[in-house]
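Since the structure comes first, as structure tokens, the remarks are kept for the end.
Chain letters run A, B, ... following the sequence lines, proteins first, then strands; residues in each count from 1. Side chains are part of it too, since the values below use all heavy atoms of this structure and drop only hydrogens, waters and symmetry mates. Everything quoted here is computed from the prediction, not taken from an experiment.
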2 protein chains.
Amino acid sequence: MQLKSLRLFMAVAETGSFVAAAKRLHTVQSNVTTHIKKLEEELGVQLFHRAGRVRPTSAGLALVEYAERMLTAHDEAVSLFKGQEKACGRLRIGAMETTTALRLPPILAAYHAAQPDVDIQLKTGPTAELVELLLNGQVDCVFVAGRLEHSRYHVLKAFSEELVLVDSMPMTTMPSSQELLASAFMAFRQGCSYRQRIELLLASYGVNAGRIFEFGSLDAMLGCVAAGMGYTVLPRGTVDAHQHRFGIHTLALPASIAHIDTYFVAAEPETWTPALASFADTLRNAVILDEPQLTAS
Amino acid sequence: MQLKSLRLFMAVAETGSFVAAAKRLHTVQSNVTTHIKKLEEELGVQLFHRAGRVRPTSAGLALVEYAERMLTAHDEAVSLFKGQEKACGRLRIGAMETTTALRLPPILAAYHAAQPDVDIQLKTGPTAELVELLLNGQVDCVFVAGRLEHSRYHVLKAFSEELVLVDSMPMTTMPSSQELLASAFMAFRQGCSYRQRIELLLASYGVNAGRIFEFGSLDAMLGCVAAGMGYTVLPRGTVDAHQHRFGIHTLALPASIAHIDTYFVAAEPETWTPALASFADTLRNAVILDEPQLTAS
DNA sequence: CGCTACTATCTCCTTTTGAGATAGCGCATA
DNA sequence: TATGCGCTATCTCAAAAGGAGATAGTAGCG
């Protein structure tokens with residue numbers, strides 16, 4: 001059974017004539033006859049009464065319903081990929097907690113305004129988990145800290161973050177090694193790239209990773225820092241956005257470990273759905289507006 | 001886009017290999033490559049990652065959903081017509097009130113036992129309306145009184161009925177012309193073939209059609225007859241079945257107008273769905289059991 | 001570094017498809 | 001009943017597509 005035959009079949013059912021159906025689908029009547037005949041042979045049943053005006057038989061009417069389902073699904077699938085202006089379907093984004101909180105909202109808002117027919121699904125997690133999701137095809141793109149070593153992936157430097165040390169008390173100089181050793185650190189769960197920076201920071205002070213408390217949410221983490229439980233390391237922008245809610249203070253980290261980039265990673269552009277391609281466009285525009293010096297890689 | 005390509009696509013998505021997909025669908029790997037490539041060209045998007053193991057891209061995963069819908073609809077359509085033992089789908093039957101009440105229940109029960117997957121839709125109405133429904137394709141078959149004059153329809157004599165005169169009082173002889181003229185008759189609404197018999201009966205007594213009350217339901221009609229509103233004409237079997245509920249009495253009509261056959265009419269067997277073919281079988285068996293002397297025409 | 005297993009490409013041959021021409025049929029009109 | 005009109009079925013030929021095999025290229029693995 002061919003979709004082409006079903007299109008002709010539907011045209012015949014709707015127009016009540018082989019000639020009219022042929023005209024509608026820009027072909028000749030003999031082809032319509034052949035296709036219908038083939039359908040009838042394949043199904044072992046006559047689909048149209050040929051006496052005088054052409055009318056669908058009971059069997060023909062029954063087939064109409066299924067033909068509609070098949071053709072509708074086909075048309076939707078095609079418009080998914082070939083939709084000229086408006087993308088549709090689904091876009092699954094993976095992003096880190098901090099990116100989700102600080103950077104994504106304006107971009108998602110702009111994207112949704114541009115593509116209202118796309119269902120956005122956002123999954124949050126640490127970099128390592130996000131990479132896993134992307135490799136498994138469970139998300140269409142991710143925002144992660146640090147460049148992905150996998151080849152054959154499209155990478156775009158999206159955001160540049162300055163990491164700062166966060167504490168409940170005002171700081172003017174970096175805490176001493178003894179203080180750091182004695183203190184606890186708040187971090188996201190295993191796999192978070194910021195957590196690696198904490199361990200890097202401690203190592204640069206000759207201190208092994210001490211007590212590290214793991215959190216799943218930014219709010220909980222900042223709450224604990226504000227309560228004096230210990231330090232954490234976060235992007236300055238994220239802390240600034242929450243400073244009015246918590247009594248927290250920041251200190252710049254050494255330049256060597258302070259800077260961290262957030263990358264947008266997705267499979268090769270040839271595999272992108274229009275929804276994803278449009279999202280990449282939106283992102284590029286936002287990035288260029290924010291920081292004109294950054295370019296795609 | 002071809003259904004064949006989608007089958008191959010699904011096989012590749014499920015097996016994760018072009019070779020395995022080719023084996024599953026009994027073809028060679030080069031054909032799988034060609035079909036997938038064609039799909040990709042048509043949709044303008046890459047559907048599989050080819051690095052090492054073959055995995056669907058985001059676009060591929062999106063297509064999976066639509067491919068499933070198309071193929072499911074196709075398989076269901078095919079099984080509608082090619083289902084070997086069990087028919088499925090829908091069977092729309094049109095029948096007269098009296099046939100529905102008296103004759104159909106055992107046949108529908110037998111049919112439903114044989115074909116539990118068929119949805120039965122029963123429409124009730126007078127012969128003329130039923131014929132209209134059949135000609136318009138709104139039902140698959142009808143039970144009507146009197147042979148359908150249309151050619152190219154399959155006709156089977158289903159039931160033989162003896163019409164009797166029904167009244168609230170016991171009768172031993174036919175009422176006189178004067179009585180008939182003065183009486184009312186109960187009949188189904190316009191188009192009922194029994195009603196024609198009433199008019200025929202009156203005419204044979206030299207009486208024009210007098211007052212005829214129209215009813216939509218058998219129960220209401222018999223109730224009014226029992227209440228002494230007037231006569232009616234019905235198949236003996238129908239009256240017998242209701243006699244214990246109403247105080248009604250019958251009298252045989254003149255042989256010339258007493259006999260009336262109920263015919264099963266449907267389009268040509270070549271146009272039958274398996275559901276309809278199976279119903280015709282059930283009906284034939286029931287007819288043969290009841291009255292071996294009757295044969296198909 | 002070579003082996004293995006897989007996919008892409010090419011070629012040949014068969015089958016299918018599409019367009020045109022023509023025959024046949026039903027219906028309406030005279 | 002004869003005739004004309006409009007429609008569908010069938011036939012034919014050329015073009016296109018499809019299937020199978022052979023082969024080249026490539027990634028992954030030991």
Side-chain angles (χ1 to χ4, degrees), chain A residues 1-57 59-60 135-137 149-153 267-268 270-271, chain B residues 1-57 59-60 135 149-153 267-268 270-271:
Chain A
M1 191 184 297
Q2 300 221 17
L3 289 172
K4 206 184 301 176
S5 306
L6 291 174
R7 287 231 186 269
L8 287 170
F9 167 78
M10 288 300 292
V12 171
E14 283 166 17
T15 62
S17 149
F18 283 38
V19 170
K23 271 185 196 150
R24 181 193 287 194
L25 297 188
H26 309 104
T27 182
V28 294
Q29 168 265 327
S30 62
N31 292 331
V32 179
T33 298
T34 310
H35 273 273
I36 299 297
K37 198 175 157 194
K38 202 164 182 183
L39 268 183
E40 290 180 330
E41 281 168 10
E42 195 172 345
L43 296 175
V45 82
Q46 198 176 320
L47 295 170
F48 292 102
H49 294 290
R50 259 80 158 192
R53 226 178 64 265
V54 171
R55 297 181 310 111
T57 61
L135 295 180
N136 289 342
E149 75 282 2
H150 276 265
S151 63
R152 275 193 296 280
Y153 274 85
E268 298 152 306
E270 294 79 39
T271 73
Chain B
M1 191 185 296
Q2 301 225 21
L3 290 173
K4 204 184 302 177
S5 307
L6 291 174
R7 286 230 188 267
L8 287 171
F9 167 78
M10 289 300 292
V12 172
E14 283 166 18
T15 62
S17 149
F18 282 38
V19 170
K23 272 184 195 150
R24 182 192 286 195
L25 297 188
H26 308 104
T27 182
V28 294
Q29 168 264 327
S30 62
N31 291 332
V32 179
T33 299
T34 309
H35 273 273
I36 299 297
K37 197 176 158 194
K38 204 165 181 183
L39 268 183
E40 289 180 330
E41 279 168 11
E42 195 172 345
L43 296 175
V45 82
Q46 197 176 320
L47 295 170
F48 291 102
H49 294 291
R50 259 79 156 194
R53 227 177 64 263
V54 170
R55 296 179 313 110
T57 62
L135 295 180
E149 75 283 1
H150 276 266
S151 62
R152 276 193 294 282
Y153 275 85
E268 298 152 306
E270 294 78 41
T271 73

Protein-nucleotides 6-8 of chain D N/O pairs under 3.5 Å:
unit_1: D:dT8; atom_1: OP1; unit_2: A:Phe18; atom_2: N; d: 2.7
unit_1: D:dT8; atom_1: OP2; unit_2: A:Phe18; atom_2: N; d: 3.2
unit_1: D:dT8; atom_1: OP2; unit_2: A:Val19; atom_2: N; d: 2.9

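Atom P of nucleotide C:dG26 and atom CZ of A:Phe48 are separated by 19 Å, given to the nearest angstrom. Rounded to an integer number of Å, the gap from CD1 of B:Ile36 to P of D:dG19 is 13 Å. Taking atom CD of residue B:Glu42 and atom C1' of nucleotide D:dA17, one finds them 14 Å apart after rounding to whole Å. Note: CD (B:Glu41) to C1' (D:dA17) measures 14 Å, nearest angstrom. Residue B:Lys23 contributes atom NZ, which lies 15 Å from atom P of D:dA20 at whole-angstrom precision. As rounded to whole Å, 16 Å separates atom C1' of C:dG26 from atom NE2 of A:His49. For the pair A:Gln2 CD and D:dA17 P, the computed distance is 12 Å after rounding to whole Å. Following rounding to the nearest Å, B:Leu8 (CG) and C:dT7 (P) show an atom-to-atom distance of 13 Å.
Here the shortest heavy-atom pairing between B:Ser30 and B:Thr34 reads O-OG1, 2.8 Å. Between B:Thr57 and B:Gln46, the shortest heavy-atom distance links the atoms OG1-O, 2.8 Å. Across A:Ala59 and A:Val45, no two heavy atoms sit closer than the pair CB-CG2, 3.6 Å.
Contact check, A:Thr27 against C:dA19: a side-chain N or O comes under 4.0 Å of OP1 or OP2. Applying the 4.0 Å criterion to OP1 and OP2 of D:dA17, one finds that B:His35 has every side-chain N and O outside that range. At the phosphate of D:dG19, OP1 or OP2 sits under 4.0 Å from a side-chain N or O atom of B:Lys4.
Using a 4.0 Å cut-off between charged side-chain N and carboxylate O, B:Arg50 and B:Glu40 make a salt bridge.
The side chain of A:Lys37 approaches D:dT10 more closely than any other nucleotide in the set D:dG18, D:dT10, C:dG20. When the nucleotides C:dT9, D:dG18, D:dC11 are ranked by their closest atom to the side chain of B:Ser30, C:dT9 comes out on top.
In the helix from C:dC1-D:dG30 to C:dA30-D:dT1, the terminal helix axes, each the rotation mapping four pairs' C1' atoms onto the next four within five end pairs, subtend 30°, rounded to 10°.
The side-chain heavy atoms of A:Met1 and A:Leu43, taken from C-beta on, include a pair separated by under 4.5 Å.
Residue B:Leu25 holds its CG atom at 11.0 Å from CE of B:Met10, rounded to the nearest 0.5 Å. Between atom CZ of residue B:Arg24 and atom CD of residue B:Glu14 there is a gap of 5.0 Å, rounded to the nearest 0.5 Å. Distance CG/A:Leu39 to CG/A:Leu8: 8.5 Å, rounded to 0.5 Å.
Aromatic ring orientation, A:Phe9 versus A:Phe48: tilted (interplanar angle from 30° to 60°).
Where A:Asn31 and A:Arg53 each meet DNA chain C at their nearest nucleotide, the meeting point lying more 5' is that of A:Asn31.
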